[in-house]
Amino acid sequence: MSKLNPRQQEAVNYISGPLLVLAGAGSGKTSVITRKIAYLIQQCGISARHIVAVTFTNKAAREMKERVTALLRGAEGHGLTVSTFHNLGLNIIRREHSLLGYKPGFSIFDDSDVKSLLTDIMQKEYAGDDGADEIKNLISQWKNDLILPDEALAQARGTKEQTAAIVYSHYQRTLKAYNAVDFDDLILQPVKLFQNHPDVLDKWRNRIRYMLVDEYQDTNASQYLLVKLLVKERAQFTVVGDDDQSIYAWRGARPENLMQLKEDFPSLKVIMLEQNYRSTGRILKCANTLISNNPHEFVKELWSDMGFGDEIRVIRCRNEDAEAERIALEILTEHLRSQRPYSDFAILYRGNYQAKIMELKLQVHKIPYRLSGGTSFFGRQEVKDLMSYFRLLVNPDDDNAFLRVINVPRREIGSTTLEKLSTYATERQVSLYEASAEIGLSEHLGPRYTERLSRFKHYMDKLRQRCFSDDPILALKDMIIDIDYENWIRQNSSSEKACEFRMGNVWFLIDALKNTLERDEAGDMTIEEAIAKLVLRDMLERQEEDEDGAEGVQMMTLHASKGLEFPSVYIMGMEEEILPHRSSIETDTIEEERRLAYVGITRARRNLTFTFASKRKQYGETIECTPSRFLDELPSEDLQWEGLEEAPVEVKAARGNSALADIRAMLKK
DNA sequence: CCTCCATATATTTTT
DNA sequence: TATATGGAGG
């Protein structure tokens with residue numbers, strides 16, 4: 001454990017009021033938070049069970065918990081809560097579900113569930129499904145801003161918003177009927193609960209006496225309100241954030257919450273952490289210069305004592321192919337020459353689509369790599385199928401899950417049968433599952449079909465019983481064999497190898513569930529909870545990580561790189577329309593793109609390289625590219641340009657300041 | 001119910 | 001240009 005610097009120490013020791021820590025990139029904010037938790041417990045006599053630390057990702061929460069545990073002895077940390085916002089919300093809803101009108105075992109709808117439900121609603125009610133994505137975003141925005149369906153309808157402007165508001169109210173009713181919540185509800189519902197039931201809020205306030213919030217600049221309106229409600233009056237909290245690393249505004253994050261804090265808590269103390277323990281001086285100089293182009297409320301200037309370091313390179317390439325080739329070759333030679341492991345290198349890009357060529361080039365040169373992001377594990381068919389089975393088991397009202405699994409594998413229940421079942425269920429005001437075995441159904445359907453439906457229901461009923469009385473994991477394993485899921489997968493796979501892989505995912509999921517149940521310290525985790533955790537991606541990433549010891553070049557989007565660090569960083573596609581993304585140029589919101597570039601730069605410990613292509617194939621046609629304006633904003637004396645061979649002789653001679661202008665002039669021709 | 005061809009469509013995504 | 005989705009037809 002390293003010593004804290006005076007500012008960090010101050011942040012740890014200040015407990016007499018609300019505190020905002022503006023922690024620059026690499027300034028050791030996690031140390032501050034973890035040390036502070038230990039301090040609160042060991043020096044201030046606050047019991048761990050009264051402390052709550054919130055993060056945005058499971059990974060951050062896990063890491064934090066591990067580091068705190070290392071600082072504590074024995075049972076000191078018992079009852080400490082370190083969780084994500086969503087997990088905290090989930091726990092609140094679970095404890096108070098009846099007040100909110102949910103039954104135990106409620107489902108959590110992920111993005112794809114939400115989308116399919118919305119398309120369904122729109123098709124049924126409004127004949128047409130154009131812009132389901134847009135409507136989904138609008139609804140999500142409303143929820144993040146704590147706007148309920150009625151209010152949304154009242155304030156909707158234009159036909160699109162009005163339709164969205166109507167769909168919203170319909171959607172919310174349907175979710176309730178399905179006994180389900182979506183991700184946004186995990187925050188919104190607790191806030192509503194606290195607003196409407198002061199007694200319940202008091203109970204939670206008494207439970208949470210000190211609160212710490214990480215990545216505060218990423219909180220949205222409802223998350224902030226949740227924090228505010230919980231800490232009120234007592235105002236015992238520490239929030240840590242960095243306005244310069246706010247890159248999720250498009251997702252509802254409100255970096256202005258940092259300012260808001262000052263107004264809501266006049267006694268707020270602000271501490272800035274500017275010493276960086278990660279990068280060379282030159283990299284930080286670059287980062288500082290770039291970000292100074294953004295308007296600022298608080299001005300930070302990162303510095304470090306890690307030496308000035310190498311020049312920052314900017315490499316111009318003929319096209320996107322040459323760009324990827326160049327990066328691959330550089331990493332290869334650097335790895336061979338200096339014996340540095342591949343995991344020292346990271347390749348960052350703006351959009352996932354850029355990863356493809358890069359991946360190809362790395363493969364050609366047999367360079368191992370790890371790609372994060374892209375199609376998620378949860379997007380896979382077999383995972384969705386299985387998750388739907390799990391969900392239906394703990395929540396029979398989940399029609400979405402029912403529809404997904406009813407014909408997986410084939411049970412000869414076609415669309416006509418389901419339509420009739422659905423009409424009947426709506427009429428009777430019960431779930432599809434419930435309706436499947438009701439006597440009255442036979443008036444609408446022939447015996448053959450009612451038989452098939454009721455057989456399914458009875459099978460699931462029996463399974464549910466086993467899950468709750470017996471060993472649930474064993475029951476689920478048996479289920480997979482019972483329904484001959486492997487055969488179903490085989491039929492739907494292109495090759496035997498693909499089938500094996502997919503069955504691997506199935507057993508992996510079961511394993512994750514098993515571990516979740518076993519690793520629970522309190523030992524009282526139910527399958528409902530375990531399944532909910534699975535939907536929240538919790539307990540899954542953990543296994544993924546320790547599976548493949550992380551050897552290989554790291555490839556990820558700039559967004560995904562936040563919070564990480566690498567000795568050598570390559571940022572590719574430094575071009576107008578890519579790094580300041582086209583739409584952000586159009587909507588005049590390049591500040592966030594600049595922060596994105598800033599995040600990328602500050603990931604690098606020692607070496608930083610930018611690349612860009614002068615020509616690029618896009619949607620079938622070749623287009624000329626202009627180097628990113630952000631390159632212009634960097635201190636030119638610290639940049640070393642390469643790849644200007646094709647440039648006119650005089651340009652070749654004139655490096656530095658005028659180089660970029662010359663390339664521009666040349667590209668114009 | 002499944003397969004194939006035409007057509008549209010092209011950011012970032014912690015949960 | 002590549003990929004995903006949906007409709008038509010077997």
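Values below: all heavy atoms of this structure, side chains included; hydrogens, waters and symmetry mates excluded. In what follows, every chain begins at residue 1, and chains take the letters A, B, ... in the order their sequences are listed.
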Which nucleotide, B:dT15, B:dA10, B:dC1, lies nearest any side-chain atom of A:T84?
B:dT15
Pairing of A:K143 and A:D182 as salt bridge, 4.0 angstrom limit
yes
Decide, yes or no, whether a salt bridge links A:D110 with A:R391 under the criterion of side-chain N to carboxylate O below 4.0 Å.
no
Can you measure [X] atom [atom1] to [N] atom [atom2] for me and round it to whole angstrom units?
{"X": "A:M387", "N": "B:dT15", "atom1": "CE", "atom2": "C1'", "result": "13 Å"}
{"X": "A:H581", "N": "B:dT11", "atom1": "NE2", "atom2": "P", "result": "6 Å"}
{"X": "A:D111", "N": "B:dT12", "atom1": "CG", "atom2": "C1'", "result": "14 Å"}
{"X": "A:M556", "N": "B:dT14", "atom1": "CE", "atom2": "C1'", "result": "14 Å"}
{"X": "A:D218", "N": "B:dT13", "atom1": "CG", "atom2": "P", "result": "14 Å"}
{"X": "A:E576", "N": "B:dT11", "atom1": "CD", "atom2": "P", "result": "18 Å"}
{"X": "A:L186", "N": "B:dT15", "atom1": "CG", "atom2": "P", "result": "12 Å"}

Once you apply a heavy-atom cut-off of 4.0 Å, does [X] come out as touching a base, just sugar-phosphate, or nothing?
{"X": "A:E593", "answer": "base"}
{"X": "A:F85", "answer": "nothing"}
{"X": "A:D184", "answer": "nothing"}
{"X": "A:T557", "answer": "sugar-phosphate"}

Quick test: give all pairs of protein nitrogen or oxygen and nucleotides 2-4 of chain C nitrogen or oxygen below 3.5 Å, distance rounded to 0.1 Å.
| from | atom 1 | to | atom 2 | distance (Å) |
| --- | --- | --- | --- | --- |
| C:dA2 | O3' | A:K356 | NZ | 3.1 |
| C:dT3 | OP1 | A:K356 | NZ | 2.7 |

Between A:H559 and A:W250, is the ring centre distance below 6.0 Å?
yes
Full working for side-chain contact (heavy atoms from CB on, under 4.5 Å) between A:R452 and A:R411
CA-CA 7 Å; A:R452 286 172 187 166; A:R411 289 191 183 88; 5.9 Å; no
Could you tell me whether the side chains of A:Y248 and A:N220 share a donor-acceptor contact shorter than 3.5 Å?
no
Phosphate OP1/OP2 of B:dT11: any A:N352 side-chain N/O under 4.0 Å
no
Do the side-chain N or O atoms of A:N220 get closer than 4.0 angstrom to the phosphate oxygens (OP1, OP2) of B:dT15?
no
Going by the salt bridge (charged side-chain N to carboxylate O under 4.0 Å, His left out) test, name the single residue among A:R616, A:K361, A:K615 that passes it with A:D321.
A:K361
For residues A:F402 and A:F456, determine if any side-chain heavy atom of one lies less than 4.5 Å from a side-chain heavy atom of the other.
yes
Using Watson-Crick or G-U wobble geometry with both distances below 3.5 Å, tell me the partner of B:dT11, or none.
none
Kindly say whether, by distance alone, the side chain of A:R350 makes a donor-acceptor pair under 3.5 Å with the base of B:dT11?
no
Has the side chain of A:R251 got a donor or acceptor atom sitting under 3.5 Å from an opposite partner on the base of B:dT15?
yes
I'd like the C1' distance from B:dT13 over to C:dA2, given in whole Å.
22 Å
Using the P atoms only, state how far C:dT5 lies from B:dT12, rounded to an integer number of Å.
15 Å
Contacts of A:V535 and A:Y353 projected onto DNA chain B by closest heavy atom; the upstream (5') one is A:Y353
Kindly state each residue pair satisfying salt bridge (charged side-chain N to carboxylate O under 4.0 Å, His left out) with at least one member in residues 21-31 of chain A, sequence neighbours excluded.
A:K29-A:D214, A:K29-A:E215
